[in-house]
Number of protein chains: 2
Amino acid sequence: METVSSNSLAQVANVKPAQLRKDLAYFGQLGTRGLGYPVELLLETIRDVLGRATLQPVILVGVGNLGRALLHYDGFKKEGFEVLAAFDTDEKTLKQKGLSVPLLHDDEMTPFIKKYNVRMAILCVPAQYGQEVANVLVDAGVQGILNFSPTILQVPEQIVVTRVDLAMELESLSYFIDQ
Amino acid sequence: METVSSNSLAQVANVKPAQLRKDLAYFGQLGTRGLGYPVELLLETIRDVLGRATLQPVILVGVGNLGRALLHYDGFKKEGFEVLAAFDTDEKTLKQKGLSVPLLHDDEMTPFIKKYNVRMAILCVPAQYGQEVANVLVDAGVQGILNFSPTILQVPEQIVVTRVDLAMELESLSYFIDQ
DNA sequence: TGGTGTGAAGTGGTTCACAGCA
DNA sequence: TGCTGTGAACCACTTCACACCA
C-alpha cells in the first residue's frame, strides 16, 4: 500500500474528506491527483510538522492520585515527551518510593526549570493552589501548561494553557445524553 | 453581594462579557438591566439546567494505571457522579484490594449495565481494545462514553463520545508554544 | 477515471453596539 | 447612569463543487 486517499483517512478519523484535504494542504502539496497521498511522505511530513515538539522536557507538579497516575502513564514517552521530574510540597508525598523520576520539593522548581530549560509543565495540584503554582511556573520560564486543576488560570497572553477538567467532561457528556 | 455583572463574571471565566450574556440568555431572562444577575437566581438556574445530570450512575472500564487513578479521583463524586463499579479482564488486576468500588470481570458488564440502568462509562482500556469494549457498552445501553483510550471510536450517531487524549494534549501544547 | 487542491458558498459561533429598562 | 438583552455585523472554520492533473 503506497498511497491513501483523503476519503479513507477521513473515514477512520471521523471527519469529512474535504476537511482533511484542506488541513493537509497547509503543509504544502502532498497528494497526487487521482492517486492520493503517498503514505511515506505523509508520515514524514506530519512527523516533521510536529517534529520539533518531540524532544521537549516536561515537569509534573502535584503528585496526588492523578499526578501519580500520569507519572505511570507511558503514553507521554511514546509521543516523545520526557517527564524529567515531579514536584510536590507535602513531606509525606515526597518520601514515597518507586517513582521512575526524581521527586522534588516545590522550592527546587524554579532553579530546575531554568537549569533544564523546561518549557512545559503538567499541573495536577488541588484547585486552591493552581494559580499560585502557575505563577511560579510562568515566572521561571514555562510557556505551556497542561492544567488538570479545576481552575481557570490567569496567565500572560503568550502563555498557552490547555485545561483538562475530568469532572466537567463527564458533566458535559451527561448533559448531552440526557433527554 | 446580591448581584453580579456579566463583566465581572466574564473576567474570572476568561471570556468576553457579551459572550457570557448571550449564553445566559439561553436560559431565559435572568438579569436585571442596570443591575446585573441576582446571584441566587443564577446559581439556581445553572444548577437546574445541569441538574438532571447529577444523579447518574457511571461505570469505569479498564483498571490500568489511569483507570486506577480515576477511581481514586474524588472530583467525580463532588460533581455528583457515582462510579458504581469498575471492570477489567486481567485476572491479576481483578485480585487487587483497596478499591472503593466493586471490581468485576468484563463478562459481567452487560448485565450490570442493564440492571443499574447505567448510561455513562469511562473507558480506560488499551488502544487495541477500545472499539471492542465500546461496542459492548453501546449494545448494553450506554449512551455516553468518556474515552481515555487513544482510539477514535466508531459508534452510532446518537451515542456521545468525549475523547481525552493526554499525550495529544501535550503535543498540541508543544506545537503552540514552539516558535 | 479517480482523487487532490482550492475558490466560493455556507454555517455557526463571536463580537459589536445600542435600544431599553431599573 | 449602569448593565442587560439582542439584532446585525463579523469572523473563522467547514463544506461544496469543480477545475485540473496522473
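Values in this document were obtained by computation on a predicted structure and should not be read as measured data. Keep in mind that the numbers below use all heavy atoms, side chains included, and drop hydrogens, waters and symmetry copies.
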- [ ] May I have the distance from B:R21 (atom CZ) to C:dC16 (atom P), rounded to whole angstrom?
- [x]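 The distance from CZ of B:R21 to P of C:dC16 comes to 11 Å, rounded to the nearest Å.
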
Task: Atom-to-atom span, CG of A:L20 to P of C:dG3 - whole angstrom - done: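 After rounding, the gap between these two atoms is 14 Å.
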
Tell me, please, which residues at least two apart from [X] pass side chain to side chain contact (heavy atoms under 4.5 Å, CB included).
| X | result |
| --- | --- |
| A:D90 | A:D88, A:K92, A:T93 |
| B:L42 | B:V4, B:L9, B:L24, B:L30, B:Y37, B:I46 |
| B:E157 | none |

TODO: Check whether any side-chain heavy atom of A:V58 sits under 4.5 Å from a side-chain heavy atom of A:I122, and report yes or no.
DONE: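 Touching, per the 4.5 Å side-chain cut-off.
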
Can you list the other members of the hydrophobic cluster that holds [X], where links are side-chain heavy atoms under 4.5 angstrom apart?
| X | value |
| --- | --- |
| B:I152 | none |
| B:M109 | B:I59, B:V61, B:L84, B:F87, B:L104, B:F112, B:I113, B:Y116, B:V118, B:L123, B:V125, B:Y129, B:V133, B:V136, B:L137, B:V138, B:V142, B:I145, B:L153, B:V155, B:I159, B:V161 |
| A:L35 | none |

Open item on the list: OP1 or OP2 of C:dT15 versus the side-chain N and O atoms of B:K16: is any pair under 4.0 Å?
Closed with: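 So the side chain of B:K16 is within the cut-off, an N or O lying under 4.0 Å from OP1 or OP2 of C:dT15.
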
TODO: Go through DNA chain D in 5' to 3' direction and return only the first and the last nucleotide with some atom under 4.0 Å of chain B's heavy atoms.
DONE: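 Boundary nucleotides touching chain B, in 5' to 3' order, are D:dG2 to D:dA8.
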
Can you list every salt bridge (Lys or Arg N to Asp or Glu O under 4.0 Å) pair that touches [range], not counting sequence neighbours?
| range | result |
| --- | --- |
| residues 101-113 of chain A | none |
| residues 20-32 of chain A | none |
| residues 160-170 of chain A | A:R163-A:D165 |

Task: Proximity to DNA chain D (any heavy atom under 4.0 Å), residues of residues 29-37 of chain B only - done: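 Of all residues in residues 29-37 of chain B, the ones placing a heavy atom under 4.0 Å from DNA chain D are B:Q29, B:L30, B:G31, B:T32, B:R33, B:G34, B:L35, B:G36, B:Y37.
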
Task: Residue met sooner reading DNA chain D from 5', once B:N7 and A:A18 are mapped to nucleotides - done: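 Final value for this comparison: B:N7.
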
Which atom pairs link the protein and nucleotides 7-10 of chain C when you take only N or O atoms and keep those under 3.5 Å?
residue, atom, partner, partner atom, Å
C:dG7, O6, A:K22, NZ, 3.1
C:dA8, N6, A:K22, NZ, 3.3

